Colleague: 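Handing you this structure, nothing more for now.
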There are 2 protein chains.
Amino acid sequence: MPFVLDEFLPYRLSVAATEVSRRFAARYAAEAGLSIPEWRVLAHLGHSGAASVRDITAKVSLEKSIVSRAASRLEDRGILRKSAHDGDRRLIVLELTEDGTALMARLAELAEAFQAELRHQLGADAHRFEAALKRLAG
Amino acid sequence: MPFVLDEFLPYRLSVAATEVSRRFAARYAAEAGLSIPEWRVLAHLGHSGAASVRDITAKVSLEKSIVSRAASRLEDRGILRKSAHDGDRRLIVLELTEDGTALMARLAELAEAFQAELRHQLGADAHRFEAALKRLAG
DNA sequence: ACATCATCGTTGCATCCGCAACGACATTGA
DNA sequence: TCAATGTCGTTGCGGATGCAACGATGATGT
C-alpha cells in the first residue's frame with residue numbers, strides 16, 4: 001500500500017490550519033494589518049491586562065524574539081505601551097493603550113463571528129473536534 | 001464575555017498543527033534532514049511518479065517558488081532528477097531517483113507509524129476528526 | 001504567418017522566522 | 001559582600017517564505 005500524502009494527518013492538519021488562518025487574516029486585514037504574532041500579543045493583552053514578554057511567550061506559543069518584535073511594532077502603532085516593572089527591572093510591562101483596547105474590542109467581535117462560522121461548518125462534531133485539538137497539542 | 005485566545009479555534013488549530021509537525025520532523029530528522037516542502041515534494045513524487053512543478057504545486061499546497069527551490073535541493077542531494085517534457089518544453093518533469101525511492105520507502109514507514117500513534121492518541125474520534133479537517137480545508 | 005496573450009519554472013528582493021549570542025539585572029551561596 | 005549563576009528582553013545573522021517580475025515557450029485569433 002503506497003503512502004498518500006493527502007491522507008496524512010500532519011499534512012491535513014497543516015493545510016487546514018493554514019487555510020483557516022488565511023481566511024481569518026482576510027477578515028481583519030481591513031480592520032488592522034496585523035501579523036499573526038501581533039494578533040496573538042494583542043489578544044492576550046486584551047484578556048490578561050498587563051503582562052511581560054515572558055508571560056506572553058509562555059501563553060501564546062511564540063518565541064520570545066517574535067513576541068519582542070511584535071510588541072515593538074504594536075508600540076510603534078500606538079496599540080500598546082511599555083513600562084518598567086517595579087521590583088524587577090529585567091521585566092517590561094506591556095499593556096494596551098486606549099486605541100489598542102478599542103481595536104481589540106472590534107477584532108474580538110470579528111473573531112467570535114468567524115469562530116461561529118467555523119463551528120457551524122463543523123456541525124455537531126465541533127465540540128469533539130476542539131477537544132481533539134487540545135489532546136494533540138498537549 | 002471577554003475574548004480568550006486559548007479557546008479560539010484558529011489558534012488551537014495552528015498550535016496543534018505546529019506541534020504535530022514538529023514531532024514528526026523530529027522523527028525523520030535522523031533519517032534525512034528534510035524541510036517540510038522537501039518532504040511534501042518527495043512524498044508526492046513517490047505516489048504520483050513523474051510530475052511537473054505545476055502538478056506538485058496544485059497538489060501539496062505550496063507556492064510554485066517553494067516547490068521549485070525544494071526540487072532543486074532534492075536534485076542536488078540526488079533524490080530526484082529533472083528532465084525535459086516531450087511536447088511542451090515549458091514543463092519540467094520531476095521524478096525520484098533510485099535513492100529517492102528508497103528514501104521514500106523508509107520515510108513512508110516512519111510516517112505510517114507516526115500516524116498510527118496520532119490516531120491512537122485521538123482514540124475513537126480519529127475518523128471524525130480527519131473528516132472535519134477536510135471540511136475546514138475545503 | 002504573426003501579433004497578442006497565457007502559462008511554466010526560476011530568480012530577486014523584502015520580510016519573517018529561529019536560534020544563539022549579548023547586556024542588564026536578579027538570585028544564590030559561601 | 002561579592003563572585004558565580006540564572007533570567008529577561010533585544011538584536012544579529014543565516015535561512016526560509018511570499019510576491020512580483022522575468023525569459024522562454026505555447027496557444028489563440030485573425
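Only a predicted model underlies this, so the values are computations on that prediction, with no experimental measurement involved. In what follows, chains carry the letters A, B, and so on, assigned in the order in which the sequence lines appear, proteins first and then strands, with residues in each chain numbered from 1.
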Colleague: Please check the phosphate of dA20(D) (OP1 and OP2 only) for any side-chain N or O of K64(B) closer than 4.0 Å.
Modeller: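 No, no such contact exists.
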
Colleague: Would L74(B) end up clustered with L91(B) when hydrophobic side chains under 4.5 Å apart are linked, directly or stepwise?
Modeller: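 No, L74(B) does not connect to L91(B) through the hydrophobic network.
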
Colleague: Kindly say if R54(A) contacts the phosphate of dC8(D), meaning a side-chain N or O under 4.0 Å from OP1 or OP2.
Modeller: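 True: R54(A) side-chain N/O within range (under 4.0 Å) of dC8(D) OP1/OP2.
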
Colleague: Check residues 124-137 of chain A and write down every donor-acceptor pair under 3.5 Å in which the side-chain atom is one partner and the other belongs to a residue at least two apart or another chain.
Modeller:
residue	atom	partner	partner atom	Å
D125(A)	OD1	R128(A)	NH2	3.1
E130(A)	OE1	R119(A)	NH2	3.0
E130(A)	OE2	R119(A)	NE	2.7
E130(A)	OE2	R119(A)	NH2	3.3
K134(A)	NZ	E7(B)	OE1	3.2
K134(A)	NZ	E7(B)	OE2	3.4
R135(A)	NH1	L122(B)	O	2.8

Colleague: Rounded to the Å, how far apart are L94(B) CG and dC8(C) C1'?
Modeller: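 It works out to 12 Å between those atoms.
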
Colleague: Looking only at side-chain N and O atoms, does R89(A) come under 4.0 Å of OP1 or OP2 in dA24(C)?
Modeller: no

Colleague: Would you confirm whether the ring centroid of Y11(A) sits within less than 6.0 angstrom of the ring centroid of F24(B)?
Modeller: no

Colleague: On the side chain of S65(A), is there an atom forming a donor-acceptor pair with the base of dC17(C) - under 3.5 Å, no angle test?
Modeller: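 Checked by distance alone, the answer is no.
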
Colleague: Between C1' on dG15(D) and CD on E38(B), what's the gap in Å once rounded to a whole number?
Modeller: 12 Å

Colleague: Going hydrophobic residue to hydrophobic residue with side-chain gaps under 4.5 angstrom, can you get from I92(B) over to V41(B)?
Modeller: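 Yes, I92(B) connects to V41(B) through the hydrophobic network.
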
Colleague: Could you tell me how far apart H85(A) (NE2) and dC8(D) (C1') are, to the nearest whole angstrom?
Modeller: 12 Å

Colleague: Return no unless some side-chain N or O of S52(A) is found under 4.0 Å from OP1 or OP2 of dG9(D).
Modeller: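 For S52(A), the contact criterion (side-chain N or O under 4.0 Å from OP1 or OP2 of dG9(D)) is met.
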
Colleague: For the CG atom on D86(B), are there more than 12 heavy atoms of other groups (residues, nucleotides or ligands in this structure) within a distance under 6.0 Å?
Modeller: no

Colleague: From CZ of R40(A) over to P of dC16(C), roughly how many Å is that when rounded to an integer?
Modeller: 16 Å

Colleague: Roughly how many Å is it from CD in E63(B) to C1' in dC8(C), rounded to a whole number?
Modeller: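 Rounding to the nearest Å, CD of E63(B) and C1' of dC8(C) are 15 Å apart.
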
Colleague: Atom CZ of R22(A) to atom P of dC19(D): distance rounded to whole Å?
Modeller: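 Nearest whole value for this atom pair: 10 Å.
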
Colleague: Which whole-number value in Å describes the distance from R90(B) CZ to dA6(C) P?
Modeller: 13 Å

Colleague: Give me the residues of residues 66-81 of chain B where at least one heavy atom lies under 4.0 Å from an atom of DNA chain D, by number, or none.
Modeller: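 Output list: I66(B), R69(B).
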
Colleague: Name the residue closer to the 5' end of DNA chain C, choosing between D88(A) and I36(A) according to the nucleotide with the nearest heavy atom.
Modeller: I36(A)

Colleague: Would you say the side-chain atoms of E75(A) pair up with the backbone N or O of R81(A), donor to acceptor, closer than 3.5 Å?
Modeller: no

Colleague: Take atom CG of L34(A) and atom P of dC16(C), then tell me their distance rounded to the nearest Å.
Modeller: 12 Å

Colleague: I'd like to know whether CD of E109(B) has more than 12 heavy-atom contacts from other residues, nucleotides or ligands below 6.0 angstrom.
Modeller: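 Check fails, neighbour count at 12 or below.
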
